[in-house]
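Quick caveat, the model's predicted, so the values are computed rather than measured. Just so you know, these numbers use all the heavy atoms, side chains as well, and skip hydrogens, waters and symmetry mates.
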Amino acid sequence: VNLSWFWLDEARFVSKQAFHILLARLRAPEAPKLQGVLTSTPAMNWLFDEFNEGKEHRGITVASTRENIYLADEFIDDLRSSYSDTLFSSYVDGQFVQLTGGVFPQFDVRKHVVDVVCDPSMPVHVGLDFGYRKPSAIFFQLFDFCREHRAPRCMHIIDEMHPNNTSTTELSTKMKQYFNLHNWKKGNVYCDPAGAAKSVTVGWSDIDVLESDLWNCVYSFDPVERHIPYGIEQIRTKLKSAAGVTSMYFSKKCLEFERGIVRSLQLSEYPETKRDVSDNPVKDGVYDHARDALRYAVVNISTPQKGFFS
């Protein structure tokens with residue numbers, strides 16, 4: 001295929017390899033001008049390297065959502081309530097946001113770690129990261145509107161579990177025992193869709209194991225929702241939206257866990273070198289498991305009308 005032009009929409013979700021393939025096909029000899037157009041929200045991946053570093057034959061046009069005169073007056077304010085400061089700068093103002101250092105600067109132990117108690121009338125849900133060596137389970141309750149914190153879709157993380165060298169079968173049993181011990185009402189398990197893959201040795205998946213124990217598993221194959229930076233931004237927004245609203249709180253019990261969610265939020269970092277610039281936090285094999293468990297939960301509760309996949 002010889003192309004004279006191409007248009008790549010939502011380019012942040014496209015691989016650098018795909019972009020280079022299109023560039024290689026931009027070679028139609030009869031074209032008066034060879035041109036490629038990309039439209040996208042900025043992302044700290046290959047887009048940054050290609051268009052924000054002054055490369056030859058690259059141009060960038062920044063357009064802010066604020067410039068759209070046909071939007072309702074309250075639209076920007078609604079986005080400010082729904083997005084973190086970082087996401088607001090990127091999605092609304094079209095800025096490349098250099099992500100370095102701590103991943104969750106919004107997190108403050110003094111503000112977010114409080115006397116959260118379980119409401120016995122409400123179900124307890126689980127955010128779950130699979131894995132034999134270091135699985136993680138985050139137990140939480142979700143309130144459509146929390147009167148205590150005056151926040152919509154408010155998450156109360158009431159407890160967690162981080163066993164080592166534990167199969168999914170063993171983990172499911174441990175969770176059932178924990179629910180029975182605390183007399184919790186069983187809610188949903190929000191997990192990684194990769195857990196639906198069948199094992200080539202035994203013929204069933206991690207999700208099969210959970211569902212055989214009557215856990216209701218919720219997960220998404222949507223590429224946007226599986227995109228790690230998207231999930232990180234959803235967590236940041238719940239910690240503190242651009243409008244200053246917090247809708248995620250943690251029990252003081254969470255301070256006790258060596259590789260628990262509080263330490264994960266405190267110690268998660270982005271790559272330090274420019275060569276490794278990325279929207280993805282460092283996977284250190286320790287704190288990323290609790291972070292992933294929380295991410296699966298937050299992403300799947302962000303849209304209340306989600307379907308169930310199994």
Side-chain angles (χ1 to χ4, degrees), residues 9-13 38-45 47-48 60-99 102-108 111-112 114 116 122 125 127 140-157 188 190 218-250 265 279 281 291 294-307:
D9 192 27
E10 296 294 359
R12 67 189 186 280
F13 297 127
L38 288 73
T39 50
S40 181
T41 297
M44 294 302 299
N45 52 18
L47 286 177
F48 178 84
I60 184 170
T61 300
V62 178
S64 172
T65 306
R66 304 173 197 261
E67 299 172 15
N68 189 338
I69 62 175
Y70 298 101
L71 296 175
D73 293 339
E74 65 274 12
F75 182 74
I76 297 297
D77 289 336
D78 289 343
L79 293 183
R80 198 184 302 276
S81 298
S82 303
Y83 292 166
S84 70
D85 292 336
T86 306
L87 194 63
F88 189 84
S89 296
S90 179
Y91 272 52
V92 176
D93 291 329
Q95 300 297 316
F96 282 102
V97 181
Q98 180 73 53
L99 301 176
V103 177
F104 302 105
Q106 299 85 353
F107 181 69
D108 184 344
K111 176 179 180 179
H112 293 97
V114 296
V116 171
M122 298 285 290
H125 305 289
F140 69 96
Q141 293 187 301
L142 178 65
F143 299 86
D144 286 336
F145 184 81
C146 178
R147 294 184 178 181
E148 179 181 0
H149 301 117
R150 307 295 300 172
R153 305 291 290 170
C154 191
M155 290 180 70
H156 290 184
I157 288 79
N188 298 322
Y190 300 98
V218 181
Y219 49 100
S220 173
F221 288 107
D222 186 317
V224 174
E225 295 178 347
R226 297 187 68 180
H227 191 50
I228 293 175
Y230 172 82
I232 295 298
E233 279 297 342
Q234 294 299 310
I235 295 175
R236 279 200 282 247
T237 299
K238 297 199 77 62
L239 290 171
K240 184 182 178 182
S241 72
V245 176
T246 295
S247 57
M248 179 183 289
Y249 294 89
F250 304 81
L265 294 176
D279 281 345
R291 184 180 69 219
L294 182 62
R295 177 167 59 87
Y296 300 139
V298 171
V299 165
N300 281 285
I301 68 169
S302 295
T303 307
Q305 301 301 319
K306 294 191 65 60

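Val218 has its side chain out of reach of Tyr296: every pair of non-hydrogen atoms, C-beta onward, lies at least 4.5 Å apart. Within the 4.5 Å cutoff, no side-chain heavy atoms of Val92 are placed close to those of Phe75. Taking the side chain as every heavy atom from C-beta outward, Arg80 and Asp77 approach each other to under 4.5 Å. You'll find the side chain of Ile232 reaches within 4.5 Å of the side chain of Arg291, heavy atoms only.
Ring centroid separation for the pair Phe140 and His156 does not come in under the 6.0 Å cut-off. Proximity of the aromatic rings of Tyr230 and Phe13 is defined here by a centroid distance below 6.0 angstrom, and this criterion is not met.
Side-chain atoms of Thr246 do not come within 3.5 Å of backbone N or O of Met248 as any donor-acceptor pair. The main-chain N or O of Ser241 is never found under 3.5 Å from a side-chain atom of Thr237 such that the two would form a donor-acceptor pair. Judged by distance alone, the side chain of Glu148 and the main-chain N or O of Cys146 form no donor-acceptor pair under 3.5 Å. Looking at Ser89, its side chain never comes within 3.5 Å of a backbone N or O of Gln95 through a donor-acceptor pair. Without hydrogens or angle criteria, His112 side chain to Leu239 main chain gives a donor-acceptor distance under 3.5 Å. With hydrogens and angles disregarded, no donor-acceptor distance shorter than 3.5 Å links the side chain of Arg153 to the backbone of Leu142. A donor-acceptor pair under 3.5 Å is absent between the side-chain atoms of Asn188 and the main chain of Tyr190, judged by distance alone.
Of all the heavy atoms in Val62 and Gly94, the pair that sits closest is CG1-O, 3.6 Å. Between Pro152 and Ser247, the shortest heavy-atom contact is O-CB, 3.6 Å. Nearest heavy-atom pair across Met155 and Ala297 is CE-CB, 4.4 Å. The two residues Thr41 and Leu47 come nearest to each other via the heavy atoms O-CD1, 4.2 Å. Shortest non-hydrogen contact noted between Pro281 and Val103 is CB-CG2, 3.7 Å.
Rounding to the nearest 0.5 Å gives a distance of 11.5 Å between CD of Gln234 and CG of Leu294. Note that CZ of Arg236 and CG of Leu265 are 11.0 Å apart. Values are rounded to the nearest 0.5 Å. Remark: Arg12 CZ to Thr39 OG1 distance equals 10.0 Å, nearest 0.5 Å.
Ring-plane geometry between Tyr249 and His149 is classed as parallel, the angle between the planes falling under 30 degrees on a 0 to 90 degree scale with a further cut at 60.
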